[in-house]
Asks: 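Submitted below is the structure of interest, expressed as structure tokens.
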Amino acid sequence: MDAQTEAAYDGNLLAGPLSEVFGVEVTTAMGRCRGCGSSSQVATFRVYGPEPGFVGRCPSCESVLMRLVRTSDAVWLDISGMSALRIPLTTNPMPGDSTASATQ
């Protein structure tokens, strides 16, 4: 292991900061790496930070997937390292949702 690998936290460190942005539990979301194509839960990202912000890296290839910086008046979130972010719904389906009848 190199020094960078040993200094990493796991993606659960992002739970608090991301809940400010999304209002839902995001660590169970699946992110697809734009670099290698692998999908993994946000909780498994290798996270560095917190200063000056958090950087989440792919657990497979170490590509940067996410950057999150909180300033005094905003939260900056860069997810350009992901080709997709799938957030599971844990609340009741919205009216007109095509999956509503399948879950009832």
Asks: Just checking Arg70: does its CZ atom have more than 12 heavy atoms from other residues, nucleotides or ligands closer to it than 6.0 angstrom?
Replies: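 Open.
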Asks: I need the minimum non-hydrogen distance between Ser80 and Arg34, along with the two atoms involved.
Replies: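 In terms of heavy atoms, the two residues are closest at O-NE, 2.9 Å.
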Asks: Does the pair Arg32 and Met82 meet the rule for a side chain to side chain contact (heavy atoms under 4.5 Å, CB included), with working shown?
Replies: CA-CA 5 Å; Arg32 186 181 311 130; Met82 287 187 269; 5.8 Å; no
Asks: Under a 4.5 Å side-chain heavy-atom rule over Ile, Leu, Val, Met, Phe, Trp and Tyr, are Val75 and Val64 clustered together?
Replies: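 Looking at the clustering, Val64 is in a separate group from Val75.
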Asks: Which is it for Cys61 and Ser38 under the side chain to side chain contact (heavy atoms under 4.5 Å, CB included) test, yes or no, and what are the steps along the way?
Replies: CA-CA 9 Å; Cys61 74; Ser38 68; over 6 Å; no
Asks: Which pair of heavy atoms, one from Leu68 and one from Pro17, lies closest together, and at what distance?
Replies: CD2-CB, 3.6 Å
Asks: For Glu25 and Ala15, work out which heavy atoms get closest and say how close.
Replies: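 For Glu25 versus Ala15, the nearest heavy atoms are OE2-CB, 4.4 Å.
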Asks: Among Val55, Leu14, Asp78, which one satisfies side-chain contact (heavy atoms from CB on, under 4.5 Å) with Met66?
Replies: Leu14
Asks: Check Pro52 against Val69 and note the closest heavy-atom contact, atom names and distance.
Replies: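 Looking at all heavy atoms of both residues, the closest pair is O-CG1, 3.7 Å.
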Asks: Between Cys33 and Leu65, is there a side-chain heavy-atom distance shorter than 4.5 Å?
Replies: yes
Asks: Starting at OG1 of Thr28, measure out to CZ of Arg86 and round the result to the nearest 0.5 Å.
Replies: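 The CZ atom of Arg86 is 9.0 Å from OG1 of Thr28, to the nearest 0.5 Å.
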Asks: So Asp10 and Phe45, do their side chains get closer than 4.5 Å, heavy atoms only?
Replies: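 No, their side chains stay 4.5 Å or more apart.
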Asks: So how far is it from Thr44 OG1 to Arg57 CZ, rounded to the nearest 0.5 Å?
Replies: 14.5 Å
